[in-house]
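In what follows, chains are A, B, ... by sequence order, proteins preceding strands, each numbered from 1.
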There are 4 protein chains.
Amino acid sequence: MSKYNLLEAMKAQAKPALKLTDKKQKIMETAVALFAEKGYSNTPTSEIAKAAGVAEGTIFRHFGTKDNLLVAVIVPFLKASIPSMAEELFTELMSHDVFFFEDFLRELVRDRLNFVKENKEIFQIVVKEFLYNEEIRNELLPYFVENIGGRLIQVIRVFQERGELVSRPAEDIAKLVVTCIAGLFVSKFVLMLNGTADEEAEIETIVRFVMDGVRKRE
Amino acid sequence: MSKYNLLEAMKAQAKPALKLTDKKQKIMETAVALFAEKGYSNTPTSEIAKAAGVAEGTIFRHFGTKDNLLVAVIVPFLKASIPSMAEELFTELMSHDVFFFEDFLRELVRDRLNFVKENKEIFQIVVKEFLYNEEIRNELLPYFVENIGGRLIQVIRVFQERGELVSRPAEDIAKLVVTCIAGLFVSKFVLMLNGTADEEAEIETIVRFVMDGVRKRE
Amino acid sequence: MSKYNLLEAMKAQAKPALKLTDKKQKIMETAVALFAEKGYSNTPTSEIAKAAGVAEGTIFRHFGTKDNLLVAVIVPFLKASIPSMAEELFTELMSHDVFFFEDFLRELVRDRLNFVKENKEIFQIVVKEFLYNEEIRNELLPYFVENIGGRLIQVIRVFQERGELVSRPAEDIAKLVVTCIAGLFVSKFVLMLNGTADEEAEIETIVRFVMDGVRKRE
Amino acid sequence: MSKYNLLEAMKAQAKPALKLTDKKQKIMETAVALFAEKGYSNTPTSEIAKAAGVAEGTIFRHFGTKDNLLVAVIVPFLKASIPSMAEELFTELMSHDVFFFEDFLRELVRDRLNFVKENKEIFQIVVKEFLYNEEIRNELLPYFVENIGGRLIQVIRVFQERGELVSRPAEDIAKLVVTCIAGLFVSKFVLMLNGTADEEAEIETIVRFVMDGVRKRE
DNA sequence: CATGAATGAGCATTCATTCAT
DNA sequence: GATGAATGAATGCTCATTCAT
């Protein structure tokens, strides 16, 4: 059995208990900043306590274990990680004829870029722990594959049928698209390889790359 | 000053001292396996010692510190990480007219895929520590950007002049290409999202995605 | 830069925080006894912990490092090591005509003898570490020379002008006097070469030796 | 039973085996320098080996243990520490009437000063370990008291009978004289509180202090 | 004799967690 | 709820000593 049970935690946190104590809130904010900066296992609870201005015992009163603190911090992010967009689009696509995959892709990238930009630190934590911590990876990987990959595959299939997308296996296409977008986000928000300041141009670059690759056409 | 000085270590290890003791060799092999599996900082030296069948002191007699053991394991990999290909190709391209970027890309992917496949565990270590360990990242990032990015940019420029590649900034193209390939390698060798068994098909999929994207053409 | 910064520590410990925890107090007492008996570097923290009836971690919670424990134990002693007497006497001497150097010396010896007797163990620690530990010596030597030597020299000069003391350089006289007294204290409290039980007689012996040497006079 | 048995070692080393190997000789010289500088327990055998240009094993081949190396280095010094002078003088004094205690003292100080000056480093070692290492102290203290103290007491008694020295207990006088001389040697050769460059003047200062104290006489 | 790889007990220090107040 | 002193297992590292070559 897993030490983390992130998915259990996600279900449990259905009602996100908006009434966070001042202290509890402060601990979480501090933990996010420190985990993002130095990594989970390089951040002692003593340092979190000090930076948050609480006693070390208080952390354990609220979260029980350090692991639980990580979970508490990560779960709301994970729940918001699934682009609801994809599902909405899919429903819509089935009924009306709307727009092009290129437009969907553009909106998807824009949407996720904004989401990650607003949750930069937690994104860093999730990426780092996802790779570093085997248990977390084992918990999250199926979740991502199913929820994100799965929806995207459905969307892709629709556009393939319409003839806009190549007819390779939708799984392969989804994987390429996700890897490409995720890779660029990691590069931008974790490795801090800052590209252009102009965000719209950046989005356009990604979209055109994914759609048409690097070959010149006349 | 950095704790690691990986680049210094790389220069110093010019002649890799092939005369590795049995024990030293065993320690390194064991460390590679454990670091890859659980991450550097989650692997106690005591466990390495036990798994390698040596006394803990032996590790420190050979490597001095745990950090040095990591460096000793990583450095040869890093030195072989720069695709000499790119440089050779670049020289060749300047003199004769040979082949297409698509062919270059195919060879590059094939070459690096084989390299990483043969060094799977060390690749896992490097990827994980690269993201998790700030000092290592700070050491390696400029190295990668300059050596890998730099060479690729030069190659791209040549093919742009020949009209095979789109005329967006070569830096952007290089970044997209590298991110895409790196992302797929991470997905395959670190996250273990196994794709097709047919490797040639896999290479072809990447090449076609990078060259032409996902849009259908008649 | 020094590892110890004893003088810094002395300034910092201005208000010695009388509210010592039971445990903290117990640790310090135990450490004093063990350091005095076996020397600082021959006393493992584990042994201190065991003898003090606390967990080893508790030592580090209170003192951070073993070095700091030594400092915490030594500093109050050092601050009380300067005989305020000398300074007071000096001021007094400048205004009124009071007593003889012989009387001053007798009081000085009596005062310091009592002080060391009451701090026997810490005196042992200081003497041993002073000789054994280069860094501690480098920290303390200038302090002693200036504070103890300096004041004594001033006193000696006054009595030289009054014609009670020989007119050799005051520095030389001070050095002889200090060496002689310190040597006898070390002999008594560190080497445990117990002299007479009669302390007053002991003091008188020292004073007469310093004043008149060993030559018989009629 | 003692770990050291210095006295046993002294007896055993009766014939000092002049045929010291090159390596053995080099090890001892290096050990002397390092022990004097950093103290016995702060000097790893590995460092001695390196500095001496031998393998670490070689030290143990020759000396068996690190303790034995210390003993090997110290013992010849200890054997030469007893001023044969005192004994010779005593024999001489019983037969003829020669010179004054003051002259004896002057010669004693000169003789020991030269001895220590020529064996400065071993003197440092002996002083430091004598204070720091209980076992060594327990071994050497009785030896010093008996051999050095004992002889001096006899000499003093003779001069007391002749009326040159005060008639306090000879033991007390001996102790004062030894403490005073030893203290000044420690101050000069261990603490490095350099006095005058003029050695004869220094000797004279000590002699006059011991003989007549600090009181001015007309 | 000499070597140096190997050993493993021992050490200072860290840190998540507990619990009495 | 909040505190922070106390815990003790775990960790990286040191070093005297052994032994096969």
Side-chain angles (χ1 to χ4, degrees), chain A residues 21-24 27 40-50 52-69, chain B residues 20-24 26-27 40-50 52-69, chain C residues 20-24 26-27 41-50 52-69, chain D residues 21-24 26-27 40-50 52-69:
Chain A
T21 326
D22 269 3
K23 301 258 178 189
K24 187 167 184 177
I27 290 169
Y40 171 74
S41 73
N42 299 320
T43 306
T45 51
S46 60
E47 193 178 337
I48 299 170
K50 201 172 149 193
V54 303
E56 213 174 336
T58 308
I59 292 176
F60 291 88
R61 166 153 287 277
H62 283 295
F63 302 94
T65 66
K66 195 188 169 193
D67 275 352
N68 285 349
L69 172 57
Chain B
L20 290 178
T21 325
D22 269 3
K23 301 260 178 183
K24 187 167 183 177
K26 196 76 179 65
I27 291 168
Y40 171 76
S41 73
N42 297 322
T43 308
T45 51
S46 60
E47 192 178 338
I48 299 170
K50 201 171 151 191
V54 301
E56 205 173 344
T58 307
I59 293 175
F60 292 91
R61 160 160 273 275
H62 283 297
F63 302 95
T65 65
K66 195 187 168 195
D67 274 354
N68 284 349
L69 173 56
Chain C
L20 291 177
T21 327
D22 271 2
K23 301 261 179 185
K24 187 168 183 178
K26 195 76 179 65
I27 290 168
S41 73
N42 298 321
T43 308
T45 50
S46 61
E47 192 179 337
I48 299 171
K50 201 171 151 192
V54 302
E56 207 171 342
T58 308
I59 293 175
F60 291 90
R61 161 162 272 276
H62 283 297
F63 301 96
T65 65
K66 195 188 170 195
D67 274 353
N68 284 349
L69 173 56
Chain D
T21 328
D22 269 4
K23 302 257 177 187
K24 186 167 184 178
K26 195 76 179 66
I27 290 168
Y40 171 76
S41 73
N42 299 321
T43 307
T45 50
S46 60
E47 193 177 337
I48 299 171
K50 200 172 151 192
V54 302
E56 213 173 336
T58 308
I59 292 176
F60 290 89
R61 165 154 289 277
H62 283 295
F63 301 95
T65 66
K66 194 189 172 193
D67 274 352
N68 285 349
L69 172 56

Nucleotide F:dG4, atom P - distance to NZ of C:Lys23 in whole Å: 18 Å
A:Asp22 atom CG is separated from F:dA2 atom P, nearest whole Å, by 9 Å
Applying side-chain hydrogen bond (donor to acceptor under 3.5 Å, both in side chains), can you list everything that pairs with C:Thr58, at least two apart in sequence or on another chain? none
For B:Lys50 and E:dA9, what is the distance between atoms NZ and P respectively, to the nearest whole Å? 14 Å
Atom CD1 of B:Ile27 and atom P of F:dC13: how far apart are they, to the nearest Å? 14 Å
Spacing between C:Phe63 atom CZ and E:dA12 atom C1', to the nearest angstrom: 15 Å
When the nearest nucleotide of DNA chain F is assigned to C:Ala55 and to A:Val54 on a heavy-atom basis, which residue is associated with the more 5' position? A:Val54
Return the minimal non-hydrogen interatomic distance between A:Phe60 and A:Lys66, and the atom names on each side. CE2-N, 4.1 Å
From CD1 of D:Ile48 across to P of E:dG4 the rounded distance in Å is 17 Å
Protein and nucleotides 15-19 of chain E: nitrogen or oxygen contacts under 3.5 angstrom:
residue	atom	partner	partner atom	Å
E:dA16	OP1	A:Lys66	NZ	3.0
E:dA16	OP2	A:Thr45	N	2.6
E:dA16	OP2	A:Thr45	OG1	2.7
E:dT17	OP2	A:Lys66	N	2.8

CG on A:Leu69 to NZ on A:Lys24, rounded to 0.5 Å: 10.0 Å
Looking at D:Ser41 and C:Ser41, what are the two nearest heavy atoms and their distance? OG-OG, 3.6 Å
Spacing of B:Ile27 atom CD1 and B:Asp22 atom CG [to the nearest 0.5 Å]: 11.0 Å
From CD of B:Glu47 across to P of F:dA9 the rounded distance in Å is 19 Å
Quick one: do the C:Thr45 and C:Glu56 side chains pair a donor with an acceptor below 3.5 Å? yes
F:dT11 P sits how many Å from B:Leu69 CG, rounded? 16 Å
Return no unless some side-chain N or O of D:Lys24 is found under 4.0 Å from OP1 or OP2 of E:dA2. no
Can you give me the dot-bracket string for DNA chain E, 5' to 3', counting Watson-Crick and G-U wobble pairs with both distances under 3.5 Å, using [ ] for crossing pairs and | for partners on another strand? .||||||||||||||||||||
